[in-house]
Each structure stands twice: as structure tokens, then as C-alpha cells.
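Owing to the predicted nature of the structure, the values given are computational and were not obtained by experimental measurement. In what follows, chains are A, B, ... by sequence order, proteins preceding strands, each numbered from 1.
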There are 2 protein chains.
Amino acid sequence: MRSTSARPRATIRDVAQAARVSPQTVSNVINAPDRVRPDTRTRVLAEIERVGYRPSTAARGLRHQRAGAVGIELNVSSGGGDVGALLVGQLTVRAPSYGVHLVPFADDEVFPMVEAYRDMVRRHLVDAFVFADTHSGDPRPGWLLEHEIPFASFGRPYSHPELTCWADVDGHAGLTLAVEHLVERGFETVAYLGWPLHLEDPAVAEDRHAGWVDATASLGVGGPSGTSDQELGAAVRAADALLDELGPGDAVACASDLLALGVLYAAAHRGLVVGTDLGVVGFDGSLLARRHGLTTVVQPFRDIADSLLGIVRDQLAGRPSPQAGHLLRPALAASATTDRTGTSTAYPQIPSLTRR
Amino acid sequence: MRSTSARPRATIRDVAQAARVSPQTVSNVINAPDRVRPDTRTRVLAEIERVGYRPSTAARGLRHQRAGAVGIELNVSSGGGDVGALLVGQLTVRAPSYGVHLVPFADDEVFPMVEAYRDMVRRHLVDAFVFADTHSGDPRPGWLLEHEIPFASFGRPYSHPELTCWADVDGHAGLTLAVEHLVERGFETVAYLGWPLHLEDPAVAEDRHAGWVDATASLGVGGPSGTSDQELGAAVRAADALLDELGPGDAVACASDLLALGVLYAAAHRGLVVGTDLGVVGFDGSLLARRHGLTTVVQPFRDIADSLLGIVRDQLAGRPSPQAGHLLRPALAASATTDRTGTSTAYPQIPSLTRR
DNA sequence: CTGAAAGCGCTTACAG
DNA sequence: CTGAAAGCGCTTACAG
């Protein structure tokens, strides 16, 4: 039968008794080692190691009046894509380096979201928050500022343009990478499939579009452009219209992987062989891109996680805010959709149908 | 300039003073309301509400010798699919109903995974664990049992078949749903695309296969079957071979949404119109399925989350283990790939190419 | 360099 | 029904 209560863990007193010092000295060994004589320190450290002692998070939190945790809002219902999960993964991996752990939470469908934030704070469960999906009517930045609760957002907080507590991918740099890569691979004209500017995240749409405009202008490879909402059906239709103006040897750089998938389908319709006939580059580094062999601009989730955690750590330490938000450089992951040798495989592989 | 320190929150003493009772009475109002006279209770409750008092998690945890948290291992590097994120989302939503919060953690690429578990326990950060991706050589169940730490797994812990602390989707029921749905929609033969049994999760592969065998036998609609690893290229090839043996009006039930996507692509190769000519049903209820208009057997993530959290809550309370693991019924979400009217849209929509 | 004291916020017996 | 006491594990001044 499975036992149900865990064996009690070693406390600071156990370590102290075994090392024949007081608990305070053990504490000093951990928190201010230079205040302890080397030989004492060695003896205590050995004992800590032997019994596997680690300070209790709860006791420390109580004493410091700090939870040592960062709340992270999960967008459960929207389920837009898979990039949210990639960011959460990197935040989880990086959090220990900042001396914190993550506490995810989500709208419980009953109270408005701000209630969830308020409750986490009142219970002393977290010291700060990280969230994504910022948008113009977003009540979160205002509420958090008003209550003096540190936070950092993935994406600019549009409601408070003066804030610098955000990190985002450099969309301009990303599209420059995409265009340069396509030119390097020998594609002649680079078209663009982006989002309409009235979407919730206008700065992102603008940055990526401007990156394409500037890069194609400087390389002399500009082409037509189109827009589509972030939905596959709309993307296929917009891509289809775009392909009317393109020929073999041309390419499309896209504002997202989903839009790029739309281009793949529209190209398959026409019997174009993606990679050799038509270049396609997506944006996000999503699972979707990996699955379909899409060349994509990969969001630097690890750097973003470090920025966000660094921002809240500095705020908690009372350090001054940075001069500007963190705009982080993405990287390009080349795959089948820009492979002119046709060696690697993109999906859908429909063009072979036309060659039977 | 942004202020950096949050205003101190109300404590039990603040409430007690304002309500002119002792802190203990406030505690009783919260934890044992029947021990307090109704009028006192009302007065205290009003004060709690007025100042927005919530007990401190850290102080409670220290007193109870319990973190009130469940560790959840995130599979960051593998990045298999998007279903892991869906489970984490539902665990997050449901956790408050069990009086706990989640603490995600991940392999830090330096220590073996068990080190991460050990560290969480030593720091009193969590009382129990939930994890997925169980497999035969899995060291986690053994280690957790040995250290008497409660846990529950999504998927059977193969190394310890006697354990009942797991929840899983009922794959047999899921494939029965899939076959019944296809027959109801008028498809004549139902083929199967599944996984080879040597994969890491043999019981899942067997259950789903057996569900197809039994359901097609009882309805007299059996057809050929094939297997493929959980990878798109392999799935397309396996599906292509399967389609050699099928004709218009037939269907394929699949062990996963990714395998089903392979069928879509293989069908597009042949100019088959999925939905009207060929029925396809996936399994998982993944984002991939939503995006492509796949009819799919949806994993009951909310029920799974409830089962897992219920298991660890019972273990922590010292209640006896259940007689068996929790096998939960999935639901079918009908979409374009079984829509014989051709009203809804599946992607890829390549067949229209053949009709130009 | 080391240790005795106080207290972070809460709850659990226990006394009144 | 209500309150005074003790203690969960830790750390921060402070005294020695």
C-alpha cells in the first residue's frame, strides 16, 4: 500500500546541530558566506550537502515578505497558436536563474481577469506578473501600475506607451533576415503577406511590414503585398491573390507561420513547387513551421524570457527602469520552403500530383 | 517614475482589530465558521470583505507544513505537439478548485530530471507532482514512490503496472466514436492508420487499435490498416499505401491528428476530395485539428485535469488509492473532413486543383 | 566570527 | 463562544 505522508525534510536546526553551530551561522553560510570563518563554512557546507538541506521557500517568503514567484497568465480559452506555450517553456527553464518560480493562472470564466491578479497578490502568492497578448483596451497595465505591482509584458503595452517594462521580437530585423535569406537563395522578387493594421497589435504588424519594405528596397527585390487576418482560410485566399502577380523564381515573406502555410496551400493549388519554384518564409518558429518544413524567422523565446524576468527582478530590487523596451533579434531557421535543391521536404507536397 | 515596492497587504491582525475580535476568531471564521457565533461571523466577514483580506499562502504553508502546490513537469525540449499545453491549461484552470496552485518546472539541461524533482521537494515548494509522457524506462514513478511523494501521471506508469494513480483517455472508446461517426455519415469502409506497437506508449497504441477492430467488426465496416511513427513524412507515406486499398466513399480513422493530416496530404496527392469522397477522423483535439478542419476525437483535458488533481489531493489527505486508474471518455468534434455536404472547409483544399 | 532574541502571518490545541 | 500561548523555518539587526 502506498504511504501518504512524506518524510520530514531537514531544517536549518538539523544542520546547525550536526555542524555544532547555531542556526544563524548556517543562515550566514548560505546568505553571507564572507561573514563566516572558512573552516566553519566548510564544515557547515559539508553538512548541508550530506543531509540535502535547502531553505524552506515558505519560511523564507514569510520572513522576506516576498513570495519569490512570478505569476504568468495563460491564455487557455483563446488557444490562438502554439507560440504561447513556447514562451512559457522558456520562462520555466530560465526562472530558477532569477531565484524565482512561476505560478501560472488563468481566467476562471466567472470573474474578470483583473480579479485573478488581485487574488494572487492578496494571498502573497506572487510578487510580480508576466503576461502576453497585450492590446489597446488592455486593463492590466493600468491596474498593476495603480497598485504598484511589478510586471513585464511580452509585447508593448499600448495603453501606456511611456512604459519600458516590455520585451518583443524585432519584427523589422526579422523580415530583413527573411528577405536577405530569400535573395541569397536566388529568389528574384520578394512579395509580402502581412496583417491588416487594424488588428489588435498594430506595432507588430507595422514593424514586420516596414522590415520587408526597407529590406526589399535596399536590395531592389520589392514585389506586391497583401494582408490577411491570422486565420488559415483567409490566408489561403489572400495568398492566392498574391500569387496572381508572381511567377516562378519569386518568393513570399510572411508575417507569421500560419500566413505562410496559407501560401503553401495556395501554391499547391497552382501546382507550384515550393522551395524550387516559389520561396516561402514564415515568422514565429512555431511547431507548425517545424511540422511543415517551413523556413521561418524564429522568435528568441529564451532571450525574451530573460528580458521579462530581468525586468521584474530589477523592479523588485528597486532598480530604475531601462530607457527603452527590449527589442530582441530573431534568427532564421532555413528549411524546405526555401531549399532550391529540392532535397528537403515541405508539406503539403502536392505539386508531385501535377507531375504524374 | 514607477514605484517599486507594493503597498503592504492587510493581515489577519488588521481584520481582527477592525472587527474588535482576536486574530484566532478571524482564523476560525475562515477555517471553522461553525465555531463562531453568527453575529460575530457576519461582522468579521464584512471586515474581511472590506479590506480584501486573504490569508498569506506562505504563512499558511509554514504552519501546515504544506506548500499547497503541485509541481508540473513541462516538456520543453521535446516539443512533440500542442496537446501538452492544452493539459497544462486545464490543470491551471482547475487547480484553484483543489486549493492548490501549479509550479511548472523543466529539465535545466545540466542535471538529470530527478534532481529537479528532488530540489522542488527539499525547498518545500510543492507537495506533489503531476507529469505526462510516461514511458517504460521512466525513473520518476520509482523515485517518487521510494520518497513517498504523492504524484499522478497522465498516461499509465508502465514501470509500475500495479499503480492506480494515473488518468488517460479511453482510446478504445475514442475509436469507437470515430467509427460510429463515420458510419453515421455514410462511409462504407473504415480503414485505420495507427502507431507501431514498439513505440514508447504501447497501451495507448493497443487501445486505439482495438477500438477500431471492435467497432468496425460489430458494424461490419472493417478495412485495411497501416502504421506510422508520429511524424508527418512517415504518415503521408503510410497513408498513401493505405489509400491504394481504398475507394471513394471509404474512410480512415487515425490514432492521432498528425497521422490524420498525413492522410489529408496523401488524399490531396490523389485528387480525392476529403469529406465527400474520403472521410478522415483524427484523435487528440489538437490545435492542428482545429486549423485544418479535421474531425477529431477530443481528449477530455478538463476531466483529466480533475482526475489528476483529485488523485494527488486524496493521496495528500491520506485517503486510500482508487481501485483502478481513470480512463476518461473523449468526445467527437465533427468538422470538414467528415462533412459529406462539402459545406465546411478542410485544409489542404487541394482537390479543387484537379477540377480546374 | 558567532549566538540569543524577535518576528514575518498564520493556525492548533487549550484554557477560560 | 472567544482569547492567550506556542511554534512552523527562516533571517535580520544586534550584542558579545
Q: Could you walk me through whether B/I304 and B/F154 pass the side-chain contact (heavy atoms from CB on, under 4.5 Å) test, one step at a time?
A: CA-CA 8 Å; B/I304 294 165; B/F154 175 37; 3.6 Å; yes
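With sequence neighbours left out, A/F301 forms a ring-ring contact (aromatic ring centres under 6.0 Å, His included) with no residue at all.
Smallest separation of non-hydrogen atoms from A/F105 and A/A116: CD1-CB, 3.9 Å. In plain terms, the two heavy atoms of B/I311 and B/A152 that are nearest each other are CG2-CB, 3.8 Å. Residues B/P104 and B/L74 approach most closely at CB-CD2, 3.9 Å, considering heavy atoms.
A salt bridge does not link A/D39 to A/R43: none of the charged side-chain nitrogens sits closer than 4.0 Å to a carboxylate oxygen.
If you take CZ of A/R20 and C1' of C/dC1, they are 16 Å apart, rounded to a whole angstrom.
Both tests pass for B/R140 against the ring of B/F131: distance under 6.0 Å to the centre and angle within 45° of the axis.
Every stem involving DNA chain C, taken as at least 3 paired positions in a row under the Watson-Crick or G-U wobble test at 3.5 Å, is listed here: C:1-3 with D:14-16, C:5-12 with D:5-12, C:14-16 with D:1-3.
A close approach under 4.0 Å does occur between a side-chain nitrogen or oxygen of A/T40 and OP1 or OP2 of C/dT2.
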Q: Encode nucleotides 9-16 of chain D as B, S and - characters from 5' to 3', where the letter depends on protein heavy atoms closer than 4.0 Å: B to the base, S only to sugar-phosphate, - to neither.
A: BBBB----
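Contact annotation: the side chain of A/E73 never approaches that of A/F129 to less than 4.5 Å [non-hydrogen atoms, C-beta and beyond].
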